[in-house]
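Take a look at the structure set out below.
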Amino acid sequence: AEGLGTKTSKGGFTKDKTLDSILNVEMVKEKSAEEIKQIWNQYFSAKDTVYAVIPAEKFDLIWRRAQKCPSFLYALPRKEGYEFFVGQWSGTELHFTSLINIQTQGETAPSQLVLYHYPELQKEKGIVLMTAEMDSKFLVVHEAQCLANQVQLFYATDRSETYELVETFNHRSSEFKYMSVIAELEQSGLGRELRPGQVSDKS
């Protein structure tokens with residue numbers, strides 16, 4: 001049932017946020033992947049959050065890589081340059097915390113964004129459902145969306161040199177260059193709409 005049994009952890013995030021708490025999984029088993037996608041997108045379009053339907057093979061790639069490289073440094077365009085966030089996988093949840101918080105609070109730094117991935121329908125329907133919770137004191141939706149898009153950019157890429165940045169961050173951190181993330185982001189155009197002066201009015 002809607003909203004029942006959801007436990008919130010520190011930072012106001014839901015603990016054990018199950019797919020069943022959002023979607024009647026039994027009911028949608030009868031539906032096609034396309035129909036489920038529509039239901040998911042429709043449900044979340046009214047909400048102030050990030051969500052996606054990820055093709056199974058793309059999620060497989062992300063998931064395999066996340067096992068080997070559970071964390072990465074993401075850059076978020078801000079008015080004064082970039083703010084860095086560390087994204088850390090914990091099971092199928094991906095937790096983002098700003099680097100400055102990690103530097104000041106260490107391991108206890110709270111997450112500012114959590115992406116929840118639901119592989120329950122992956123085998124049968126070929127899709128993985130994703131949604132998020134975020135701390136709106138730190139992030140607005142299009143910023144959270146930019147971070148979520150970067151997960152695909154770096155973890156689902158076909159370009160070996162892009163994924164190499166993730167490997168370097170995890171396994172050869174002394175060689176990792178912050179600027180290389182920014183260069184990749186600029187090249188992809190992902191952060192463009194966040195830049196003041198080029199703001200598109202999609203709000």
Side-chain angles (χ1 to χ4, degrees), residues 1-72 74 85 87-96 111-136 139-159 162-163 166 188 190 193 200 202-203:
E2 197 45 48
L4 282 183
T6 48
K7 301 184 278 293
T8 54
S9 61
K10 64 171 182 184
F13 291 103
T14 310
K15 206 164 159 38
D16 311 321
K17 190 182 175 78
T18 60
L19 184 56
D20 263 324
S21 68
I22 307 171
L23 194 66
N24 184 331
V25 179
E26 277 313 302
M27 197 182 79
V28 301
K29 289 225 164 106
E30 313 296 299
K31 299 188 181 303
S32 71
E34 197 44 54
E35 289 172 308
I36 296 169
K37 186 175 175 172
Q38 281 176 337
I39 292 169
W40 191 255
N41 290 344
Q42 216 168 357
Y43 175 77
F44 283 106
S45 62
K47 299 188 172 3
D48 224 12
T49 191
V50 173
Y51 55 94
V53 177
I54 305 169
E57 56 282 1
K58 184 181 269 193
F59 184 76
D60 265 339
L61 179 61
I62 293 172
W63 182 243
R64 279 203 309 278
R65 288 171 164 178
Q67 306 308 300
K68 295 195 205 78
C69 299
S71 58
F72 190 59
Y74 300 88
F85 283 79
Q88 178 85 36
W89 287 86
S90 166
T92 53
E93 295 179 7
L94 179 52
H95 290 251
F96 290 87
S111 305
Q112 274 121 16
L113 170 67
V114 182
L115 303 183
Y116 301 94
H117 300 85
Y118 297 107
E120 281 91 326
L121 301 166
Q122 185 173 1
K123 283 198 172 48
E124 266 177 75
K125 307 293 181 185
I127 52 176
V128 172
L129 302 171
M130 185 272 276
T131 184
E133 290 185 349
M134 63 186 189
D135 185 336
S136 52
L139 292 168
V140 293
V141 171
H142 61 267
E143 292 170 333
Q145 186 68 60
C146 179
L147 290 171
N149 290 345
Q150 287 184 57
V151 179
Q152 309 247 348
L153 174 68
F154 290 104
Y155 277 87
T157 180
D158 298 330
R159 288 184 64 217
T162 304
Y163 178 59
V166 181
S188 74
L190 271 185
E193 64 271 21
S200 58
K202 280 201 297 228
S203 59

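Quick note: numbers below take in every heavy atom, side chains included, and nothing from hydrogens, waters or symmetry partners. The shown structure was predicted, so the numbers you read here are calculated from the model rather than taken from an experiment. Along the sequence shown, residues are numbered consecutively beginning with 1.
- Atom OH in Tyr118 sits 11.0 Å away from atom CE in Met130 (nearest 0.5 Å).
- With values rounded to the nearest 0.5 angstrom, Cys146 atom SG is found 11.0 Å from Leu113 atom CG.
- Between the side chain of Thr92 and the backbone N or O of His117, at least one donor-acceptor pair lies under 3.5 Å.
- Scanning both residues, Tyr155 and Leu61, for their nearest heavy atoms gives O-CG, 3.9 Å.
- Taking every heavy atom of both residues into account, Cys69 and Val166 meet most closely at CB-CG1, 3.5 Å.
- Panel note: side chain Glu133, backbone Thr14; a donor-acceptor pair is recorded below 3.5 Å.
- Heavy atoms only, all atoms of each residue included: Leu121 and Lys29 are closest at CD2-CE, 4.5 Å.
- Listed for the Glu143 side chain is a donor-acceptor partner under 3.5 Å among the backbone atoms of Val140.
- Residues Val128 and Lys58 fail the side-chain proximity criterion, which asks for heavy atoms closer than 4.5 Å.
- Between atom CD1 of residue Ile36 and atom NZ of residue Lys31 there is a gap of 8.5 Å, rounded to the nearest 0.5 Å.
- Looking at Gln67, its side chain does come within 3.5 Å of a backbone N or O of Trp63 through a donor-acceptor pair.
- Under the 3.5 Å distance criterion, the side-chain polar atoms of Glu93 are left unmatched by any main-chain donor or acceptor of Ser90.
- How far CZ of Phe59 is from CD of Gln152: 10.0 Å, rounded to the nearest 0.5 Å.
- By the ring-ring contact (aromatic ring centres under 6.0 Å, His included) test, Tyr51 pairs with Phe44, sequence neighbours left out.
- The distance from the NZ atom of Lys17 to the OG1 atom of Thr131 is 6.0 Å, given to the nearest 0.5 Å.
- Side-chain atoms of Lys37 do not come within 3.5 Å of backbone N or O of Leu129 as any donor-acceptor pair.
- The distance from the CG atom of Asp60 to the CZ atom of Arg65 is 12.0 Å, given to the nearest 0.5 Å.
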| said: side chain to side chain contact (heavy atoms under 4.5 Å, CB included) for Val141 and Met134? Distances and angles first, verdict last. | reply: CA-CA 8 Å; Val141 171; Met134 63 186 189; 3.4 Å; yes
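- Side-chain atoms of Trp40 and Ile22, non-hydrogen and from C-beta on, do get closer than 4.5 Å to each other.
- The two residues Tyr163 and Thr157 come nearest to each other via the heavy atoms N-CG2, 3.6 Å.
- Smallest separation of non-hydrogen atoms from Ala132 and Thr49: O-OG1, 2.8 Å.
- Between Tyr74 and Phe72, the ring-plane angle classifies as perpendicular under the 30° and 60° cut-offs.
- Nearest heavy-atom pair, Lys125 versus Ala33, reported as atom, atom and distance to 0.1 Å: O-CB, 3.4 Å.
- For the salt bridge (charged side-chain N to carboxylate O under 4.0 Å, His left out) test, residues two or more places apart in sequence or in another chain that qualify with Arg159 are Glu161, Glu184.
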